[in-house]
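Letters go in sequence order (proteins before strands), and every chain restarts at 1. Predicted, not measured: the structure shown is a model, and the values here were computed from it.
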Amino acid sequence: MDLPKRYDPAEAEPKWQKYWEENEVFSFDREDSQREVYSVDTPPPTVSGKMHLGHAFSYSQQDFMVRFHRMLGKNVFYPFGTDNNGVATERLIEKMKKVKAKKMGRSEFVKLCLETVKTELIPQYTSDMKRLGLSCDFSLFYDTIDEHSQKISQQSFIDLYKSGREYRKDAPTMWCPTCETGISQVECEDKELDSHFNDIVFKLIEDDGSETDVLIATTRPELLPACVAIFYHPDDTRYQKYNGKKAKVPLFNHEVVILPDKRADPEKGTGIVMCCTFGDQTDMEWQKAHDLPIKLAISADGKMTALAGKYEGMKISDARKAMIADMKETGLLVSQKPIKHAVNVHERCGTEVEFLKAKQWFIKYLDLKEEMIAWGKSLNWYPDHMRVRYDHWVNGLQWDWMISRQRYFGVPFPVWYCKECDEVIVADEKDLPVDPIKDKAPVDACPKCGSSEFVAEEDVMDTWATSSLTPQIAAGLVDHKGVYPMSLRPQAHDIITFWLFNTVVKSRLHNEVNPWKDVAISGHAQDPHGKKMSKSKGNVVEPQKMIAKYSSDALRFWAAGSKLGDDLPFQEKDLVTGAKFTTKLWNASKFCFMHLEDFDSSTVPKKLEIVDRWILSKLSRIIKDSTASFERYEYSKTKLDVEGFFWHDFCDDYLEIVKDRLYNPDRRGSDARLSGQYGLYHSLNAVLKMIAPIMPHISEEVYHLYYASQEEKKSIHISSWPSLDMPDEEAEKIGQVVIEAVEHARRAKSEKNVSLKTPIVQMFVKAKITPEEFDLVVDEIKAATKAEVIEFEQLGEESEASFGCEIEL
RNA sequence: GGGCCCGUAGUUCAGCGGCUAGAACGUCUCCCUUACAAGGAGAAGGUCACCGGUUCAAGUCCGGUCGGGCCCACCA
């Protein structure tokens with residue numbers, strides 16, 4: 001066989017990727033209703049330009065698992081989706097195209113988004129994923145903003161609305177007064193700002209009508225007009241006597257009640273705190289817990305409302321200054337301490353985030369906490385400890401699921417409101433997907449009041465409202481009963497509380513089943529020092545460059561180096577190791593095929609040599625262990641086992657010993673050669689197959705050089721997983737003596753600084769096997785050590801040493 | 001502040017109750033042996049973070065301390 005001297009991944013990898021696609025190697029068989037289906041809820045990456053290393057890491061890991069199941073003969077449903085929905089995409093497009101959504105106007109901006117997503121983002125992203133060697137069926141594609149997804153998302157909304165799970169009510173929303181837009185958590189960042197703790201005087205009204213001063217510390221005096229209550233910690237003896245009494249708010253003089261609440265921190269400020277509607281998160285919790293009135297001090301454009309009386313119309317910062325000045329004058333401000341504190345600001349403009357009242361849509365689910373815990377329990381978590389994060393999240397839930405966003409680019413709510421009575425008009429299901437801004441409501445008159453005027457809902461749904469439906473979206477691409485519920489949800493651990501949790505909720509609410517059987521949670525790729533990679537730190541590694549420099553197989557080999565769920569620091573040296581592994585595979589295969597040219601794979605030799613039985617016995621154990629590891633999604637264990645077996649047992653030991661028989665049938669006998677060929681054939685084949693899920697390209701390349709025609713398969717990835725079962729205790733015992741003798745010989749030569757081919761004049765071997773057994777392998781030892789004469793002595797069972805060796809060079 | 005994970009060789013990790021604690025990379029020495037110098041052979045290198053406990057026996061189980069990482073929350 002004439003083989004190229006070197007393997008060139010830069011040429012081979014794209015070649016096979018093209019081959020797989022053209023030959024539909026990873027196609028889901030829609031017609032097959034017999035074969036077990038293995039369906040995967042592939043995470044649709046949020047398209048942010050290019051694939052980053054974290055994606056390469058976790059998508060590689062899921063691909064290992066999927067490829068394994070495919071080789072078990074299952075009908076694999078492995079779609080590919082992208083998530084282009086919501087804030088992240090809006091911001092990316094604004095940056096890419098140098099536009100502002102607000103200035104551009106809604107319809108034009110949405111159009112630009114859709115176009116950019118389709119013609120630039122998705123193609124770039126998909127090609128990166130293909131280059132990584134992901135074995136998705138790319139013909140099963142969805143994007144969370146495409147019509148198919150919109151339809152399913154809107155259908156979900158309508159179903160939940162009709163079943164009474166959705167409601168609309170006023171709720172605080174995060175708002176940037178400068179940009180005049182609703183914003184989400186991901187758009188905020190912490191910023192250290194200088195501020196002041198102001199101790200101000202509230203007048204407590206005693207039972208007899210007299211007033212007592214109570215000092216309250218605040219950083220936000222401008223919210224005084226929205227003050228609705230005062231809280232102290234229930235254990236705080238200083239303030240217990242005020243329970244239920246009222247106090248007058250400085251400057252505004254409206255009366256608010258004083259109540260105990262354990263969220264008040266006795267250590268902070270004066271230990272007693274004012275609660276203003278929409279001051280911060282805790283304020284909102286208090287508002288909800290104590291059913292306090294909602295008061296708005298700040299309007300959408302960041303100015304004071306009418307509630308602020310004479311301060312109305314002032315900007316927040318001016319109002320703060322004015323009120324402080326006024327309180328100083330009237331003696332209501334006792335002291336001012338400068339502090340530094342972290343505040344939530346809008347990352348784009350640095351403005352402090354405010355909370356604003358707006359009508360929002362919610363999915364009601366707080367009543368389902370117990371069920372949610374049970375749903376989580378009935379999932380198979382890999383690794384198991386990730387389940388805890390889900391449980392803690394559910395236990396900590398305090399709000400229903402808010403699904404509306406004051407944004408442009410997202411799935412529209414299929415909803416209109418009656419202009420007269422605010423009645424909700426829901427789209428007709430047959431019209432989905434709809435855009436209420438463009439489309440007409442499905443009725444001519446309001447069923448409640450008869451009015452014929454409607455207003456469209458302009459909010460869009462939050463990303464998670466749609467991406468929590470990926471199992472249904474993906475399953476909807478084919479008409480096959482076996483696809484949903486799915487077999488596997490692979491994803492990273494950071495979004496257990498978002499994507500995973502929300503998907504469980506939706507699947508349960510709609511279909512009363514868990515969306516999948518197994519969840520496999522991967523960790524994060526980190527920089528070489530174990531830190532998170534981020535653009536601002538400048539420690540980002542581009543997977544595209546690594547693939548170009550080494551290979552996709554090498555990058556995947558690195559990704560297989562950590563246990564599922566563990567974070568893994570990126571080290572370029574690990575890619576060198578991966579690249580070396582492909583070279584070793586190539587070279588060893590070249591050697592094997594050279595000696596297998598005249599081998600008929602259907603042949604089973606009448607008698608197998610001890611050393612061949614030895615390697616096949618070891619191999620059997622590796623296959624058994626690796627299969628079990630893969631079934632538990634422990635691909636890193638498989639990788640480690642196969643790597644060690646291949647490099648050491650197979651290459652370093654077995655090939656060196658069997659070589660002589662393969663080259664010299666005249667001296668060693670043709671039966672002995674045939675036996676060696678048998679060992680070679682099955683060992684290498686199994687190694688290739690076991691490493692194929694991790695290194696799909698080199699294994700495919702090598703497989704096609706020889707095995708593909710023997711097994712009549714068009715790809716190693718749809719060949720059968722190895723199943724050899726030839727455990728052989730006797731051979732392992734005798735084989736071990738051979739290995740030890742060879743190792744002693746190597747050490748002796750190394751210590752003498754001579755070449756390994758230097759002959760050994762005489763060798764004495766002592767071992768706990770019989771002379772007859774030793775005779776079976778004496779020629780192997782001679783061949784591998786160049787020993788001319790070997791003397792053997794059997795060690796008795798009582799002997800302390802199990803092996804002894806003396807060598808005369 | 002809450003949660004989860006992790007502290008084993010210079011580095012990245014295996015080992016998770018029982019022989020002398022392993023691998024890869026790196027280092028050092030030697031060897032171009034007809035698959036492979038991106039190779040082969042050998043060697044050096046570890047009080048398994050610290051303290052206490054359970055056990056005949058502990059990197060391995062339990063408790064605590066310290067350190068690292070990530071996620072979530074909070075910041076009157």
Straight-line distance of Leu705(A) CG to Cys592(A) SG, nearest 0.5 Å
12.0 Å
Closest nucleotide among rC13(B), rA76(B), rC70(B) to the Leu568(A) side chain
rC13(B)
For Arg387(A) and Gly376(A), the nearest pair of non-hydrogen atoms, with its separation, is NH1-O, 3.3 Å
Which parts of nucleotides 21-31 of chain B does protein reach within less than 4.0 Å, heavy atoms only, written one letter per nucleotide 5' to 3' as B for base, S for sugar-phosphate only and - for none?
--SSS----SS
Pairwise C1' distance for rC70(B) and rC36(B), with rounding to whole Å
42 Å
Between rC4(B) and rA9(B), how far apart are the P atoms? Round to whole Å, please.
26 Å
Return the value, rounded to whole Å, for the distance between atom CZ of Phe570(A) and atom P of rU11(B).
19 Å
NZ/Lys752(A): more than 12 non-hydrogen atoms of other groups inside 6.0 Å
no
Ring center gap for Phe646(A) and Phe581(A) short of 6.0 angstrom:
yes
Quick check, are the ring centers of Trp381(A) and Tyr390(A) under 6.0 angstrom apart?
yes
With sugar-phosphate meaning primed atoms plus P, OP1 and OP2, does Cys651(A) contact a base, only sugar-phosphate, or nothing at under 4.0 Å between heavy atoms?
base
So, does the side chain of Lys584(A) form a donor-acceptor pair with the base of rC36(B) at under 3.5 Å?
yes
In whole angstrom, give the distance that lies between atom CZ of Phe591(A) and atom P of rU34(B).
12 Å
Quick check: do Glu751(A) and Arg747(A) have side-chain heavy atoms less than 4.5 Å from each other?
yes
Rounding to an integer number of angstrom, what distance separates rG67(B) and rC48(B) when you compare their C1' atoms?
16 Å
Do Tyr681(A) and Phe599(A) have ring centroids that are under 6.0 Å from one another?
yes
Expressed in whole Å, how much space separates the P atoms belonging to rC71(B) and rG53(B)?
38 Å
Base, sugar-phosphate, or nothing: which does Gly644(A) touch, judged by heavy atoms less than 4.0 Å apart?
nothing
Taking the P atom of each, how far is rC50(B) from rG10(B), in whole Å?
14 Å
Rounded distance in Å between the P positions of rG64(B) and rG2(B)
13 Å
Examine Phe630(A) together with Phe64(A) and report whether their ring centres are nearer than 6.0 Å.
no
Nucleotide rC74(B), atom P - distance to CH2 of Trp286(A) in whole Å:
12 Å
Within the pair Lys563(A) and rG15(B), is there a side-chain N or O less than 4.0 Å away from OP1 or OP2?
yes
Between Phe593(A) and Tyr707(A), does the ring centre distance come in under 6.0 Å?
yes
In whole Å, what is the span from the NE2 atom of His392(A) to the P atom of rG3(B)?
7 Å
Is it the case that over 12 heavy atoms from other parts of the model lie below 6.0 angstrom from the NZ atom of Lys786(A)?
no
Does rG26(B) fall in syn (glycosidic angle within 90° of 0) or anti?
anti
Separation of rC71(B) atom P from Met386(A) atom CE, nearest Å, is 12 Å
Between rA41(B), rU12(B), rC5(B), which one does the side chain of Asp652(A) approach most closely?
rA41(B)
With the side chain of Arg6(A) defined as its heavy atoms from C-beta on, choose the nearest nucleotide among rA76(B), rA38(B), rA14(B).
rA38(B)
Counting side-chain heavy atoms from CB outward, which of rA38(B), rC5(B), rC13(B) is closest to Thr583(A)?
rA38(B)
When rounded to the nearest Å, what value does the distance between C1' atoms of rG22(B) and rU60(B) take?
15 Å
Can you check the Ile657(A) CD1 to rG40(B) P distance for me, whole Å?
16 Å
Judged by each residue's nearest nucleotide on RNA chain B, which is more toward the 5′ side, Arg220(A) or Arg747(A)?
Arg747(A)
Return the value, rounded to whole Å, for the distance between atom NZ of Lys532(A) and atom P of rC6(B).
20 Å
Using side-chain heavy atoms (C-beta onward) and a distance below 4.5 Å, is Tyr7(A) in contact with Val702(A)?
no
Which part of the nucleic acid does Phe197(A) contact within heavy-atom distance under 4.0 Å: base, sugar-phosphate only, or nothing?
sugar-phosphate
Toward the 5' end of RNA chain B, which comes first, Gln571(A) or Arg389(A), by nearest nucleotide?
Arg389(A)
Please confirm whether the backbone N or O of His529(A) pairs with a side-chain atom of Asp527(A), one donor and one acceptor, at under 3.5 Å?
yes
Pairwise C1' distance, rA23(B) and rG45(B) [rounded to whole Å]
14 Å
Separation of rG3(B) P from Ile495(A) CD1 (nearest whole Å)
23 Å
Selection from rC70(B), rA37(B), rA76(B) that lies nearest to any side-chain heavy atom of Lys5(A):
rA37(B)
Using Watson-Crick and G-U wobble pairs whose two distances are both under 3.5 Å, how do you write the pairing of RNA chain B as dot-bracket, with | for links to another strand?
((((((((.[[[[.)..(...]]]].(((((.......))))).....[[[[[..)....]]]]])))))))....
Identify whether any heavy atom of Lys637(A) sits under 4.0 Å from a base atom; if not, whether one sits that close to sugar-phosphate; answer base, sugar-phosphate or nothing.
nothing
